Amino acid sequence: MKEITQNEQCPKCGGRRMLEWRDLSEDERMLAERLPTSAEFTIAERKKHRFCTRCWFEFTEREGASA
C-alpha cells in the first residue's frame, strides 16, 4: 500500500499537505494531543503519524492499510 507523503493531499478534506509531528507548531501540537486518536496511541507512536491542520485528520498506518 502506498504511504502518504508530506506533499500529498489529505484523504479526508483534500487539504494541501499532511504535516509530520516535528513540523507542527506548538499550538498545533496542543490541538493534535486532544484529538480522539490520542487515547489510542502513545506520543512516540503519534510522532510517526501525519496530520492535516485543515480538518485534523490523523494519518496512521492503520488508515493506510484500510485505504
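Given the structure is predicted, the values throughout are model-derived calculations rather than measurements. Both backbone and side-chain heavy atoms feed into the values below; hydrogens, waters and symmetry mates do not.
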Spatial distance of atom [atom1] ([X]) from atom [atom2] ([Y]) [nearest 0.5 Å]:
X	Y	atom1	atom2	result
Arg54	Met18	CZ	CE	12.5 Å
Cys52	Phe59	SG	CZ	12.5 Å
Trp56	Thr37	CH2	OG1	11.0 Å

Using the side-chain contact (heavy atoms from CB on, under 4.5 Å) criterion, which residues pair with Leu24? Sequence neighbours excluded.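 For Leu24 the side-chain contact (heavy atoms from CB on, under 4.5 Å) partners, ignoring immediate neighbours, are Leu19, Trp21, Glu28, Arg29, Ala32, Phe51, Thr53.
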With Glu45, which residues qualify under side-chain contact (heavy atoms from CB on, under 4.5 Å), at least two apart?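 Here the qualifying residues are Phe41, Thr42.
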Is the closest basic N to carboxylate O distance between Glu33 and Arg46 below 4.0 Å?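 Here Glu33 does not pair with Arg46 in a salt bridge, since their nearest N and O are not under 4.0 Å apart.
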Of the non-hydrogen atoms in Cys10 and Cys13, which two are nearest, and what is the gap between them?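 Nearest heavy atoms, Cys10 then Cys13: SG-N, 3.5 Å.
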Do you know which of Lys47, Lys48, Arg50 makes salt bridge (charged side-chain N to carboxylate O under 4.0 Å, His left out) with Glu20?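 Among Lys47, Lys48, Arg50, the one meeting salt bridge (charged side-chain N to carboxylate O under 4.0 Å, His left out) with Glu20 is Arg50.
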